[in-house]
Amino acid sequence: MTQRQLRVALLGNPNTGKSSIFNALTGLRQKTGNFAGVTVEKNVGLCNLPNGNQADIIDLPGTYSLFPQSPDEAVPYRLLYDHNSPEYPDVILFIADATNLYRNMVLFTQAADLGIPIILCLNMMDHADKVGIIIDANKLSQSLGVPIIKTNARKSVGIAQLKKAFTEILVSSPTKYTQANVMQMAPFNELSKELGYNTEYQAFIALNVENNLRKNEKSVIAECVKEFRKTHKFDLGHLQRDDLLGRHRQIKLLLNGIVSRQPNTSYLRKQERLDRVLTHPIFGYLIFFAVLFVIFQSIFSLAKYPMDGIEASFGLAETYISGLLPQGLLNDLICNGILPGLSGVLVFIPQIALLFFFISLLEDSGYLARVAFLMEKTMRSVGMNGKSVIPLISGVACAVPAIMATRNIENKRTRLITIMVTPLMSCSARLPVYILLIGLAVPDRNWLGLFNIQGLVLMGMYILGFLAALLAAGVFKWILKNTSKQNFIMELPAYRQPRLKNVAITVYQKILGFTQAAKIIVAISIILWTLSTFGPNHLPWQGNISDNTHLKLEDSYAGKLGKAIEPAIRPLGYDWKIGIAIITSFAAREVFVGTMTTLYGLADDENINGKLIDKMRNAKNEVTGQPVYTVATIASLLIFYAFAMQCMSTLAVTYKETRSLKWTLIQLSFMSGLAYLGGLFVYQVFA
Amino acid sequence: MFLDELKMGDWAIIDEIKNSETLMKLIELGCLPGQEICLKLVAPFRDPIAIEVNGHLISLCRADAKNIIVHKA
């Protein structure tokens with residue numbers, strides 16, 4: 001028998017520092033990639049053990065019990081209900097917040113009753129000291145019958161002991177918390193035997209399975225459970241409630257004499273004062289807007305330098321490679337197709353890094369939960385809730401992780417509405433399009449000597465996106481019926497100093513994910529280059545391609561395609577070149593700029609090194625001789641790009657998260673409709 | 001009285017939670033009948049509110065608070 005790698009699952013309540021422990025155990029060796037539609041629900045990383053072996057560490061979203069109420073909470077459930085699954089963990093590392101042991105122990109006892117070997121990790125010990133909570137860990141370990149390790153993941157305290165504990169022989173903890181009064185309501189021991197479980201409680205947990213399977217997922221366990229529930233009538237919700245209540249009672253007795261409190265009033269008062277200010281009716285909002293302002297300012301001002309650097313180095317690479325390779329199709333493909341396309345995307349990395357840096361900083365500190373608290377009522381009036389604020393804000397970076405961040409919303413309608421409207425928030429891919437178009441139409445001057453007008457228009461675009469999201473949400477609220485009575489219940493975690501190492505790892509992982517999108521960009525660049533280099537009467541085997549003259553763009557396939565859709569987009573003020581750009585940027589918005597660069601680079605041989613913005617400014621309509629980019633056309637394009645659903649990755653993630661082709665198509669069509677009508681309206685008004 | 005009738009800083013004990021979905025979520029958060037709580041924060045526009053349970057803050061909206069029967073401690 002080959003020895004399987006040890007699988008350790010990190011289980012615990014939300015906000016207990018699981019990710020810090022995960023990062024401390026695995027470092028950068030994490031197998032994540034949640035970009036470009038690759039939805040990964042649990043992170044897996046490698047950990048070197050002191051005995052020379054390796055362990056797979058599985059980081060799970062936080063949950064309060066094994067009775068899931070949101071898609072986030074279903075992830076640990078799905079890992080734990082099927083003991084025959086190849087993913088089933090060998091060990092559970094239970095991460096408990098030492099300041100809130102009483103509540104954390106409920107999930108702990110549930111996990112212990114499953115019969116998997118379990119290690120209890122008391123995390124945030126530093127915080128417990130500050131608050132004034134003292135835990136007699138030896139006594140706790142004795143009465144639970146499991147090993148206990150105290151950690152402070154932020155300072156890497158206790159991590160070596162954790163790794164050592166994984167190598168020791170672990171025995172299943174006694175399943176002594178199973179509630180007798182609950183278990184006698186039906187013959188769960190029979191079901192357990194039938195399913196081959198080791199403990200009765202595993203069968204009880206499996207009763208939920210039907211609601212937590214993926215779409216079209218088949219499960220033998222689900223079939224058995226269905227039969228069982230048909231023959232034995234009982235109110236499952238009622239039993240689950242009694243199960244939790246019984247556990248609470250038991251834990252209270254158990255912790256008596258183990259946990260003691262000597263409240264540190266000055267520390268607690270400091271936390272309270274922070275809350276009073278940050279959720280204040282006036283200061284709360286002022287601080288929130290100031291925070292947003294600082295974030296956007298730094299994204300635009302700080303990111304500029306590395307962005308210029310990336311663009312300049314691509315420019316150098318193009319010149320170098322162009323000189324290195326012999327003139328011809330290959331040279332042309334690399335220097336006018338692939339490299340500009342890549343540069344147009346990689347140039348976003350500084351901005352994305354900064355945005356994720358700020359968002360994870362705010363999340364780590366506990367502030368984002370206060371923002372949710374502050375915005376809950378406003379959000380609810382349009383059918384969302386406080387928990388929708390975080391996805392909406394993240395949507396400014398990228399809709400893909402933002403849509404995945406809706407998973408902690410329990411209410412199905414609220415979650416669906418949030419997913420539907422999040423892509424209306426102006427994401428970082430729209431930024432280069434905005435910058436190019438605003439640069440064309442708006443003078444680079446200051447207003448009142450203070451505000452840069454271009455900057456103001458840009459901010460206006462972000463506000464427009466946000467208002468459109470609220471408005472669309474209101475419409476969805478009006479259409480969809482609410483089926484759940486539970487509205488908004490959320491923990492406000494204690495304020496903590498964010499840990500920079502954690503934030504850095506998050507940013508690193510996001511960028512790594514983003515660069516995976518480069519594959520798509522290269523593919524699109526090649527397709528675009530092919531379409532614009534060749535035409536029906538201009539194919540490589542026809543032998544009429546000379547080395548240095550391009551065919552006229554309008555005779556190429558791309559040109560024909562643009563011309564074909566021109567009648568549809570003429571009322572919006574666009575010509576066929578813009579048509580090509582719209583078609584190519586259907587997969588990803590940022591391709592617009594790359595396409596424009598390619599199109600105007602190919603079309604204009606004399607001035608191949610000129611700036612794109614100047615070429616566009618000088619572009620004339622072939623028939624009328626009028627400038628192509630009038631204020632009306634640019635305004636129309638801005639509106640079009642603000643609303644249009646031009647992102648394959650977002651559609652893919654919407655499909656994965658809603659599990660519904662219908663809602664994916666609704667998202668695609670309402671956004672496209674909004675973009676077309678908005679563009680049409682604006683052009684007709686301005687022209 | 002209902003939880004949403006409490007004033008800032010009031011201490012109270014939970015008697016009953018009426019809606020089953022609300023109940024389940026609150027039990028998970030350690031907020032069950034018999035538990036002592038304190039109204040700590042009221043958001044702008046008076047909704048949502050936040051209560052202290054075992055030294056931790058839990059926020060909930062007024063609609064949910066209306067399902068929770070309490071008596072003053």
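First the proteins, then the strands, lettered A, B, ... as listed; each starts at 1.
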Legend entry - Atom group of B:L23 that falls short of 4.5 Å from chain A, counting heavy atoms: side chain

Inset, instruction - Give, as side chain, backbone, both or neither, the part of B:V42 having an atom under 4.5 angstrom from any heavy atom of chain A. - result: backbone

Say you draw a straight line from [atom1] of [X] to [atom2] of [Y]; how long is it, rounded to the nearest 0.5 Å?
X	Y	atom1	atom2	result
B:R62	A:R380	CZ	CZ	10.0 Å
B:K40	A:T279	NZ	OG1	12.5 Å
A:E272	B:E52	CD	CD	6.5 Å
A:Q69	B:E28	CD	CD	5.0 Å
A:E376	B:C61	CD	SG	5.5 Å
B:C31	A:E491	SG	CD	12.0 Å

Legend entry - A:F234 atom CZ, neighbour heavy-atom count above 12 within 6.0 Å: yes

Inset, instruction - Give a yes or no on whether A:L253 atom CG has more than 12 heavy-atom contacts from other residues, nucleotides or ligands under 6.0 Å away. - result: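 Buried by this count: over 12 neighbours within 6.0 Å.
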
Counting only heavy atoms closer than 4.5 Å, note whether [X] contacts chain B via side chain, backbone, both or neither.
X	result
A:E73	side chain
A:T63	neither
A:F373	both
A:F67	both
A:H280	backbone

Inset, instruction - Please collect all ring pair (Phe, Tyr, Trp, His ring centres under 6.0 Å) contacts where either partner lies in residues 46-65 of chain B, sequence neighbours excluded, each pair once. - result: none

Inset, instruction - With a 4.5 Å cut-off on heavy-atom pairs, point out which of B:N54, B:L26, B:L41, B:I49 contacts chain A the most. - result: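 If we count pairs closer than 4.5 Å to chain A, B:L41 comes out on top.
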
Inset, instruction - Tell me, out of B:A65, B:A50, B:G30, B:P48, who's got the most heavy-atom pairs with chain A below 4.5 Å. - result: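 So the answer, after comparing B:A65, B:A50, B:G30, B:P48, is B:P48.
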
Counting heavy-atom pairs closer than 4.5 Å to chain B, which one of [options] comes out on top?
options	answer
A:N104, A:V106, A:L374, A:D275	A:D275
A:Q271, A:R276, A:H238	A:R276
A:G237, A:A372, A:S65, A:P263	A:S65

Legend entry - For chain A, which residues of residues 4-15 of chain B have heavy atoms nearer than 4.5 angstrom: B:M8

Inset, instruction - Please list, in residue-number order, every residue in residues 32-39 of chain B that has a heavy atom less than 4.5 Å from any heavy atom of chain A; write 'none' if there are none. - result: B:L32, B:Q35

Inset, instruction - Heavy atoms only: give me the nearest A:Y64-B:K25 pair and the separation to one decimal. - result: CD1-NZ, 4.0 Å

Inset, instruction - Kindly give the heavy-atom pair with the smallest separation between B:P44 and A:P281, and that separation in Å. - result: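 Between these two residues, the closest heavy atoms are CG-CA, 3.6 Å.
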
[Y] and [X], any side-chain heavy atoms less than 4.5 Å apart:
X	Y	result
B:S59	A:I489	no
A:M490	B:I58	no
A:R370	B:L57	yes
A:R103	B:V53	no

Legend entry - B:L60/A:F488 under side chain to side chain contact (heavy atoms under 4.5 Å, CB included): CA gap, chis, key distance, verdict: CA-CA 5 Å; B:L60 66 168; A:F488 173 74; 5.7 Å; no

Inset, instruction - Report the residues that fulfil salt bridge (Lys or Arg N to Asp or Glu O under 4.0 Å) with A:D243, sequence neighbours left out, ordered by chain and then residue number. - result: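 Salt bridge (Lys or Arg N to Asp or Glu O under 4.0 Å) list for A:D243, sorted by chain: A:R247.
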
